[in-house]
Number of protein chains: 2
Amino acid sequence: MNLKQLSEALGLSQTTVSRALNGYPEVSEKTREKVRKAALAANYQPSKRARSLATGRAMAIGHVIPVSTQQELVNPVFGDFIAGAGEIYSAEGYDMILSLVKDSDEADFYRDLKIKGNVDGIIVHGPRMADPRIALLKELGLPFVVHGRASDIDLPYDFIDVPNITAFDQATTHMIELGHRRIALINGVEDLDFACRRRKGYERALSRAGLRIDPALMHSSDMTEAYGYNAARDMLDTDNPPTGFAVASMITALGVRRAIEERGLKTGRDVSIVTFDDDLSYMRNGTQEAPIFTAVQSSVRDAGRHAARMLLDRVANPNAPAAETMMDCGLIIGETTGPVPKN
Amino acid sequence: MNLKQLSEALGLSQTTVSRALNGYPEVSEKTREKVRKAALAANYQPSKRARSLATGRAMAIGHVIPVSTQQELVNPVFGDFIAGAGEIYSAEGYDMILSLVKDSDEADFYRDLKIKGNVDGIIVHGPRMADPRIALLKELGLPFVVHGRASDIDLPYDFIDVPNITAFDQATTHMIELGHRRIALINGVEDLDFACRRRKGYERALSRAGLRIDPALMHSSDMTEAYGYNAARDMLDTDNPPTGFAVASMITALGVRRAIEERGLKTGRDVSIVTFDDDLSYMRNGTQEAPIFTAVQSSVRDAGRHAARMLLDRVANPNAPAAETMMDCGLIIGETTGPVPKN
DNA sequence: AAATTCATGCAAAGCGCTTTGGATTTACTG
DNA sequence: CAGTAAATCCAAAGCGCTTTGCATGAATTT
C-alpha cells in the first residue's frame, strides 16, 4: 500500500492525503480524520526511502565508533550510551546507523557519509587530543555532537562530557585524605582526551597535597580486565607498592581487585581502589544496593540520551551557538577504600 | 555533485555513467575508466537515498535489540556481536541500523520495519522459547537470521547458535569429574531460549552422574555482576553450600567470585567456577594469556560475522533452504576449577 | 449583490538514481 | 559490399514521496 493507492481508495489527491498525514493546516479536520483512519486501517506507512529523497532529510543519525586497529576493542560503554541515545531517536522517528570504522580511514569515511547523505548528523565517539575530525566535520557542514571533548581546538562545537579532571582530582584526593601517599593511576589510552584529563586531575590532586608524581605508578592502556590485573600485579609486587589505585573503568578495576585479592590482600583494608563508574546496566554499583566500589560515577546512558537531544536540536537548528553540556559526576563511597594501613 | 552534473561534465548520458560506475557490461572499458576517474576526481558518491528508492533495496540491515522492560538491561554481548557483523556489512556496502525495542511492542515494530522499507533484512536478538517473532517475520517476508534459536518452532528458519546444551553438560561434567557433588547453576532469564538450553545441559550432566537436581541450587535472572554475587552469597551462606558453580556469563561469574573471596574462600581451591565465556574484547580469557576462568568459550564476535554473512546470503537468495549454523564451543581449563575440597 | 477572503483540494514538478527499450555506430561474416 | 550481429550509448519512465503554485467553491465583508 502506497500513497497513490491510499489516495485513490479515498478519492482524494496524493497531496491532500500527504498533507493530512503530516499535519499541514491546509486540510480540514474532518478530512484529516478520515485519512488517518484509512491509513491506519490499510496499515499504511510512508516509505522512508521515498520520503527522505523528497525531503532531503535522512531521518537517521550516525554513530561512528572508532575501532582501535591493534586491539579491535569495543569500548563497553558504547552499549549503554547507544541504548540511551536510541530511546530519544525512536521517540523522534529517527533511525540510528552504526558504523565501526578503523581509526586509520576515518576522514574519508566522514566525507562519504556527508556525500551519500544517509545521515542527518553524527555522534563522534572517542575524541582524541586535538582531534582532526572536528575541523573536518565543521568544514563538511555535517551536524555533530562529540561524546567527550577534544582539547586544544579553537572552533566552537557541541559536546557532552563529564568533568574528568575534577573527577579524578576528587577520586585521588579522597584517597589522600584517607592517608594514602603512594597512589597509582591505571588509566585508559592517553591519546584519548578523557584519559588525558583524568591524568591531569590525578596529578593535580597529588601536587596539591605535595606528593611526588611518580611515572612508575602511572599506567595507560586499553581498558580491559586483564590490563587492570597485570598493571596492579606488577606494581604490587615491587618493593614499594602503592596503597591506592585510581582506575579509569569498572572493568579494569575488577582486574585490579583480582590482583589484590590474589596476593592475599583485602581490598579496602590493605589496598584501596577508586574507579570511574559509567553506571553500566549490567554492572550497577550502588544504584540498587550499597555500592561496592568507591567511585566517581556518571551515567553514560544519561549521557547518550542527552547527546541525542543535543544532536537533534543541532540538526533542526544548524546555526544556533555551540552547546556544551557537562554531566554530573559524584563521588560515592563504597567498600573498596579505607584508611591507609599502618605498618 | 550528482549524477546529472557528472554526466554533463563528461558529455555522456546519465545512463552510461551509471552503468559505467556499476559495472554493467554495456559500456566500453575505455569509457568506464574515464568515468571512474572523473567520479573520483569530483568526489562523486551516489546518493544512498536515491539509489535505494530506485533499486528497491535499502542496502541496510536492521538489528533489533530487545530491551527488557523491567531492567532496561543491555546485554554486554551485543557490542561484540555488532562489531563482528559490522565488519561484514561495511565490506559489502551495507549500513547497520540499530533499534532498541521494548519487548512489549515488538510485533508492530517488525511490521513497520517491513512497510517502511528501510532495511533489507534483520538480525533477531535474544530469541525466547517458541518466539512468536519468527512466524511473524516469515509471514511478512522480511529476511532474517536469528542469533540464537527458538525451540518448539516447526518452521524452518536461519539461525546461528552455540551448542548450549552440550556446553553446559560439558561444564557441569567437568566439575563432576573433579569430584563435585553440589553444583549450582547461575543462569540467565529462563524464558530466553539459550538459558533454557543451558539448564537442560546442566540437568543432563547431573542426571547422568546420578546426582539430584536441586531447585535450591538453581537461579535464573538478568546476568549482572550483582546477581552473580547475590545468588552465590546466598547459597554459600547456607548449611550445605555448593562447591561448584556453573555460570552463564563472565560478568555474572565475576560476581560469583566476589562472593567467594569475600567469604575468605579461594576460588579454584575451595569453590570452583565454570562460566560461559563469549570472548568479549575487553574481557579476554585465555586468548592472549593463560585463561583465568575455566570456561566453555565461543566468540560472539565470530558469531556476529557469521550471522551477517548468512543474512546477506538470505537477502540475495530469499528462496534458498534454511541455513543453520552451529558455532564451535570449547572447554578451556583455567584456574577457577579444582578438585572438590575434602572435609 | 459584488468584492474579498479563506478553506480546501488538485495537478505537476521535483528529489537523484536505476533500468527499459531503442537508436546509432562499429565490427564481422559470406 | 550488402547483411547481420555486437558494441555502445541515449531518452525517458519510473521508484514513492513532498511541495509549489493554482483552481475552485464557500464564507465573509462592504
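Lettering of chains follows the sequences in order, A, B, ..., and the numbering in each one begins at 1. Computation of the quantities below employed the complete heavy-atom set of this structure, encompassing side-chain atoms and omitting hydrogens, waters and symmetry-equivalent molecules. Keep in mind it's a predicted model, so treat the numbers as computed, not measured.
- Heavy-atom minimum distance, B/A58 versus B/K48: O-CE, 4.5 Å.
- Between B/T15 and D/dC9 there is no side-chain N or O to OP1 or OP2 distance below 4.0 Å.
- Of the side-chain N and O atoms in A/R51, one or more sit less than 4.0 angstrom from OP1 or OP2 of D/dT18.
- The side chain of A/P46 has D/dC17 as its nearest neighbour among C/dC17, D/dG16, D/dC17.
- Counting to the nearest Å, the P atom of C/dC15 and the CD1 atom of A/I115 are 19 Å from each other.
- Contact between the side-chain N/O atoms of A/Y44 and the OP1/OP2 oxygens of D/dC17 is found at a separation under 4.0 Å.
- Between C/dT18 and B/N22, a contact under 4.0 Å exists linking OP1 or OP2 to a side-chain N or O.
- If you check every strand for non-hydrogen atoms under 4.0 Å, A/G117 touches nothing.
- Taking the six-membered ring where the residue is Trp, A/H125 and A/H63 present tilted rings, their angle falling between 30° and 60°.
- Across the interface with DNA chain D, nearest-nucleotide mapping of A/Q14 and B/T16 shows B/T16 to be the residue nearer the 5′ end.
- Atom CD in B/Q45 sits roughly 14 Å away from atom C1' in C/dC17 (whole-Å rounding).
- Side-chain contact between B/L21 and B/P46: absent, with no pair of heavy atoms (C-beta onward) separated by less than 4.5 Å.
- With distances taken from any side-chain atom of A/S13 to the nucleotides C/dG9, C/dT18, D/dC17, the minimum falls on C/dG9.
- Between the NZ atom of A/K4 and the C1' atom of D/dG16 there is a distance of 10 Å, rounded to whole Å.
- If you measure from atom NZ of B/K116 to atom P of D/dC17, you get 13 Å, rounded to the nearest angstrom.
- In terms of phosphate contacts, A/S47 brings no side-chain nitrogen or oxygen within less than 4.0 Å of OP1 or OP2 of D/dC15.
- Here the C1' atom of nucleotide C/dC10 and the CG atom of A/L3 are 14 Å apart, to the nearest Å.
- Taking atom CG of residue B/N2 and atom P of nucleotide C/dG14, one finds them 14 Å apart after rounding to whole Å.
- Among the nucleotides C/dC10, C/dT18, D/dT18, the one closest to the side chain of A/T55 is D/dT18.
- For NZ of B/K4, the number of neighbouring non-hydrogen atoms (other residues, nucleotides, ligands) closer than 6.0 Å is 12 at most.
- Residue A/T31 is in sugar-phosphate contact alone, with no base atom involved, counting any heavy-atom pair closer than 4.0 Å across all strands shown.
- Within the nucleic acid shown, B/R49 has no heavy atom closer than 4.0 Å to any nucleic acid atom.
- With rounding to whole Å, B/R19 atom CZ is found 12 Å from D/dA11 atom C1'.
- A donor atom on one side chain and an acceptor atom on the other are found under 3.5 Å apart for B/T31 and B/S28.
- Regarding contacts with the backbone of D/dC9, a side-chain N or O of B/S28 is found under 4.0 angstrom from either OP1 or OP2.
- Comparing D/dC17, C/dT19, C/dT20 against the side chain of A/A54 picks out D/dC17 as the nearest.
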